[in-house]
Each structure stands twice: as structure tokens, then as C-alpha cells.
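Input: a single structure, listed below in C-alpha cells.
These values consider heavy atoms only, across backbone and side chains, with no hydrogens, waters or symmetry-generated copies.
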Amino acid sequence: MGGSNKIKDTETWKTFENDSYLSQFLTASVSKNTEESITPLNCSLTASEQLSKLTKGINLLEKELLSLVHHKYRDLITQGTWVEELENTLKLMRTHLQELQKSAGNMRDQITEPINEIKKQCQILTRLHDTSNILRCIIQVQQFSKNISKNDMFKASSMIKEVDDFCQDVNLSDIEILKNDLLIIEKTRLEIQTNAKKGLIEALNNESESQAAPFIQVFINLKELNDVVQNIKESALLAIKQATKTALDIKSLTNQSAEPEKKPAFKSSGPGRVTGHTFPGVNVAAFRTKLWSNWNNLLETIVYPKCAEMYVLCLTIIRSNLSALNSEFYDAKCDELDFTTDFWNQVLKTLSTNLIAAAEESSFIKQALENEYPKWLRFHTDLNKKLKTLMKRNPMPTSKSGHQSFNVDNHFAEQFENAYLSRSLSRLLDGVHGMFSSEDMPHTEDIDVFIGQVAMELEVSLFDENLCLTIARNIGKAIRLFCLKCEQLAVHDGEASQVISAPSATQQLNTSIANNAFYLKQQIDNILNRMSSKLPENCKSEIIKIFVSIDEIEKNIIEPIVNSISEAIDSIIITIHRENFELELSHKPTCSLYLRELHQFISRAYAQYLEPFKNQDCIEKHCFQIANRCLELFIRHICLVRPILPGGRQKLQEDFNKIEPAIAPLCPEINKLGHNFKILRAFRSLIMCSDPQQIVDSEYVGKIVPFSLALMFLFSYAPAEIPSPRESCNWSAARLSQWLDNHGSERERLELISGALQRYQQDVRQQNKTTFHETYPVIMSLLQKGFDSLKRAEER
């Protein structure tokens, strides 16, 4: 780059740049096509002018080159000298390389000869070693061949294992001297295999792990355990397959000849066509008895023994094998996890395939399996129990994956189970439809028939929890249908809840519906109690939760009547305000008319409307509510009566004496009414108090009798100028009673009473009176006690 810059600074370069013709040789590249390199400027010059300029330019370049050589000749001479020295150096290096190659060749010859000699000696040593091994094997084989027949099969198998081990890499078959010895060993091997296999099969038949273990060790020594296991498995599966076909053979089941059955020349179509065989020429019960006997024998005499054999075989192998199971004796098809599991799955597949095929071939087998599926399932359940007992008695060592030897889930015949459950549900639902086939209500005899069907369905399924749970759900569906039918028959109009006249036809119908529902519930509950020891808890819960639907039917029928009775009692008690309590003392106090009417109504209502219901627990519960409400209203309206004179108090005292007999039909043991009964008894002692201060000082007030009730009763001692709470609000007694029902808070009730007293205070001030009535401070003192009691309760 530096030389190029110096060239550009010379006069020659500047001359080229300044000349318009020569400058194009500095920038434009020369094209192979001379016509493309001619610019318009070139075309304007004549050939002689262009030649003259080219000559000039060449002369300038030559002059410049001479100048450069003159100034740079030392560098040129130095470079020429270095080229000659480089050539001399290369010649020297070539000579050295030739000498090095010659030395390397000599050294290679010196190394190759010892190596070849060593290889030769190693080969000789290897052959000597192989010969020594062969001779040692020959000696061992000859010694074993002499002694092998003198030992039992267990020691002999160990000797054969040793022969196999040290002769593993040696081929002795071509050695003439050993032919007889090898024949003896091979013959002994075959004898051991035969005897060991017989002994192993006998031990497995006896389900004896201790007897099978030595034979397992023999096959481990012979390195044939995997083949033996596969053969035993295949033989067992083949035996099960053949026995299954025999057990389901329609010819033997119907005692027909073994001649091939003639198939029809054409297939019928349309209604009435039947698939499979026609009805067998034997009794159906006998046919099914033989079928179930064959199947039971199959499971007990073939399937279980073969499964037990495979389990004992697997267990013995696992415990006998000292190291890993996936060793030289096993492959992926026969390891510790899939050994019996795989066999069991194949057994289930064999049973299922033959069972389905037999059902498709014969409609009678199919009907037997579908109609008597629980009997079939019981056989498999018993098989599972026996297998579990076997596994429990001889537990399998826990595998890393946690798999069990047998998966005892045997519900592989789903189509038969589904068909049976479908028919079971149909039978239950048909039983319900049959009860309501006519317009009349079902009789208890009809319900008993349905109950018997329910009991039978449960009894045949008790042995299996899953089947029993499904049957329980079917029973629940049938009960729901029963409840739906009852609900459709029940009438809920005004006539169904009237309590004025004798029970109407509608009420009698509703009573029958509720009693039938309760009877059904009772009978089913009896079944559950009778089967409680065998019936699984979840199955029992599945049925019991349906009782809510039955209770709902009774509730929808009974509650409207109970509400009507409560409303009627409310209407009767409120007539207390029509009674005259402004009476003087009399020798013989009489009971109030409203209480006589109440006594008559309760007796009649209970006898006509409540007693006919059979669910006495439910009726007792509602009667308790009615009686409690009756006492509450009675005490409330007694407190609202004013004015009361001494004779009126005697009359109220008599009413208190008669109220208990009046509600006795509803609640014979009136003391069970709890708090309201205590208030009744406490208030009875307060009725005859002539001085209101005695009520304020009573120990019952505040503890048993609420302050609000005692305060309302104190207004009966006050003159008319002190307005009661309902008078201050301009309410009727019914309106105040409704307000009290909606405001159960004691504070709200005391505030209502306080409002009435404040109104009295305002009236006194407006009338410019100097004193209050003597009853007013008594009432105020009790009111203050009430507020103080609430404050203490809130602070606690």
C-alpha cells in the first residue's frame, strides 16, 4: 500500500490523470470486447492521435520504471541473493531427508523381527493353553461320567452345571475319546429332566413349596427353568381351556348325542324369531342345575388347582433364586412381577371367551347367566376367597411396583352383569307399577309383595359388595318411583287441610298415602335390620338416604293439617279477649268458654286428623310443636288481658288448671314441653298476686318468666290511663301477637313496653299532673331490672 501511494505522487501519475485519454486506463477495466471499452471521447480522436498518446504514455511508464530501478537496485540485488541461498538450503534439506529415511528403514527392520517372534510365541502359548483346557475338560468329563450315575439327581445336576460352566467355551463334541462320556452325561441330563419335572408337578399339586424348591434348583442348574415354566403354564392353560369347553358343551348339558347339529337352510325374520338353540328337551331347572354344577366343578377342580400351582411355582422360584429374578434363567415374559399376573389374565381371558361364545351359541346358557348371574358370581367369589387364603397363607415377597400375584377382580362378564341388573331394575319397577295399576290406593298386601321382591334382590347379592351396592341403587330408584306415584295421587288443595268438619274423602286418601309410604319405610327398615350383619354399610346407607323422599311425602300431607290446627288454636285462644275478667270474688270459679272450646277442638282434631296417621314419631313431633305453640299463645294472651279484678284472677287460675288437660291429647307428658311448661307453672303462682310489687319481687321473674311477659301482665293492675303496649300503638291483640312472633328479642320487647310508658309520661306532663299512678313506678322498676339484666348478659 505504501509503494502504491508513492507511485500516485509521481509526475507520471499526475500526467496520466490530467490527460483525458490516458486517465481512462487508470479507472476503467479493460474489457475483452474492445468495442465496449471505447468511450465517446475515444471515438472523437483519430487513430494517429490515439497512437501518439499511447506511445507517449508508454515512454512515460518506461521512464518511470528506470527511475524506480535506479533508486531501488540495492533491494533488487538483496532479493536475488536470498533466492540463491534458499535454493542451497533446500538442497541440503533434501540430503538430510534421504539419510533420515534410510535410518528409519533400518530401525523398522530391527523392530519388526522381534514383534513377529513374540506373536509366534504367543500363538504357541495360546494353543498350549487351549490344549491344557481341553485336556482338563476331558479329565473332568471323564471323572463326572464315571461318578454321575452314582449320585442323586440334585448332586448330578450340580455336576452337570459344573461341566457346562468349565466347558462353556470348549467344543468337545469332535473328541473321539469323550463320545461315550458325553452320551452318558446327556442321557443322565434327560433322565434328570424327566424325573425333576415329574417331581415338580407332584409338588405343585400338593401346593408344597418345600417339595418344589429342590426341583427348581435342579432346573436352575440345568439352565432350563424358563422353558419348564413356560411348558407348565401352557399345559395349565390348555387344561383350563379344554375343561371350560366341556363344562359349557350344550350337548352334554342337554344329554343330546354328539352328532353335528343341522343348521336351518334359511334364516327366519320378523317378529318371533329366536336366535341360538331351541328349548332343550329337558327340564329348565335340571338344565341350569347341571350348568352351574359343571361351572362350579370347573373352578374348584381345574382353575383353582392350576392357579395354585402357578402361584406356588412363582413363589418357590422367587425364594429359591438367590440373586435377581431377571437373570440368565428369565426373560421379559417370565419375571417376578408378571409371572402369575400374566397367567391369571390369560385364565380370565379363556373363561370369558368361552363363556361369551357359549352364550352366543345357546340362548339357554345366555338366559341362565343373565337370570342367575349372582349364582355365577358367587362361584367366582368363592374362588377369589380361596386364592386370597392361599396368598395370605404363603405371602409373596413384596415387589418394587407393589403388584399382587393375582388380581382378584373377576367381573369380566360385564354383559351378563348388566343384563341381570337391568332385569332386576325392571322387576322392581314393575312391582311398583303393579301396585298402582288401578285407581285405588295400594293395599298393604301389594306393598308386602314388593317388599318380598326387595328382600330377595338383596339376599342374592349380599356376598358381593359391588353387586349389592348396585342392587341397592336399583331399590332406591324403585322407591323413588313409589314416592312419585304417591305424590301424583296426593291432593294438596284447601279441602286437604280443613279442620272444621269431619275428614273429607281427600284427607282420607292423603292419610292412606302417607300410611302406605310409612309402611313401606318400616318394612324396608326391618329388612335392613334383619340383614345388618351381612349387608355392607354403604349399601345400607344407599337405601336409607331414599327415606328422605318418603318423609317428604308425609311432610307434604301432614304439615298443612298441622298448620291448620295451629291456626285454629290461635283463633280460639285469641277469643280470651272476649271474656269478662272484671269479676268480683266468687265461691265457685268457672272455666272460660274459649278454653272449653279449645279442649274440645284439640281432642277432636287429634282424634280425627292426626291419630289416623301411622307414623306416630312424626305425629308426636308435630303435636309437641302444636302444644308448645298453644302454651306460648295462652300465656301471651293472659298477659295481654286487662283489666282483671279478683274474681277474674280466680277465673284465670281455673283456666291455668284446665289448660294442661286441654293439650293432653297432643302431649300426655306435658312436662316434656320444657321452657314454656316452666313458665306456665311459674305464672300460675303469679296470677293471684293482689299487689303488683309481689310480681316484681318474685324469684321467678327474670329467671323463668321473661321480664317482657311480667311487664305486660303488670298493665292489668294499672288503670286505663296507663296505656298498654298494643293500645299505645293502636294495635289489636292479634296484631301485637304477630309482632311478638316476628320479634323474639327481649330487648325489642322491652323497648316496645318502654315506649308505652313514655307515652304515659307525656300524657301526665301535658295534663300538668303532679304525680304518677302508684302502679307506674312498680312497672318502671321492673323495666329497669329487665334492661340491667340485658346489660349484664351482654357484658358477659
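In this structure E582 satisfies the side chain to side chain contact (heavy atoms under 4.5 Å, CB included) test together with N580, P643, L645, sequence neighbours excluded. Legend: residues meeting salt bridge (charged side-chain N to carboxylate O under 4.0 Å, His left out) with K540, ordered by chain and number and at least two apart, are absent. Residues satisfying the side chain to side chain contact (heavy atoms under 4.5 Å, CB included) criterion with I558, sequence neighbours excluded, are E554, V562, F613, C618, I619, H622. Scored by the side chain to side chain contact (heavy atoms under 4.5 Å, CB included) test, S533 finds no partners at all (sequence neighbours excluded). In terms of the side chain to side chain donor-acceptor pair (under 3.5 Å) criterion, residue partners of E579 (sequence neighbours excluded) are, by chain and number, K651. Remark: Q508 pairs with no residue by the side chain to side chain donor-acceptor pair (under 3.5 Å) rule, at least two apart or across chains. With sequence neighbours excluded, the residues that form a side chain to side chain contact (heavy atoms under 4.5 Å, CB included) with S497 are P560, S564. For K672, the side chain to side chain donor-acceptor pair (under 3.5 Å) test picks out E669, with sequence neighbours left out.
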Do any side-chain atoms of residues 704-722 form donor-acceptor pairs under 3.5 angstrom with protein atoms, and if so which ones, sequence neighbours left out?
from : atom 1 : to   : atom 2 : distance (Å)
S708 : OG     : E746 : OE1    : 3.1
S708 : OG     : E746 : OE2    : 3.4
S716 : OG     : F713 : O      : 2.6
Y717 : OH     : R649 : NH1    : 3.2
Y717 : OH     : C689 : O      : 2.4

Tell me which donor-acceptor pairs under 3.5 Å the side chains of residues 771-784 have, and how far apart each pair is, sequence neighbours excluded?
from : atom 1 : to   : atom 2 : distance (Å)
H773 : ND1    : T775 : N      : 3.1
H773 : ND1    : T775 : OG1    : 3.1
Y776 : OH     : Q761 : NE2    : 2.0
S781 : OG     : P777 : O      : 3.3
S781 : OG     : V778 : O      : 2.6
Q784 : NE2    : D788 : OD1    : 3.0

Kindly list each side-chain donor-acceptor pair under 3.5 angstrom involving residues 477-488, sequence neighbours excluded, with atom names and distances?
from : atom 1 : to   : atom 2 : distance (Å)
E487 : OE2    : H492 : NE2    : 3.2

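For the salt bridge (Lys or Arg N to Asp or Glu O under 4.0 Å) condition, the pairs that include at least one residue of residues 673-695, sequence neighbours left out, are E660-R681, E660-R684.
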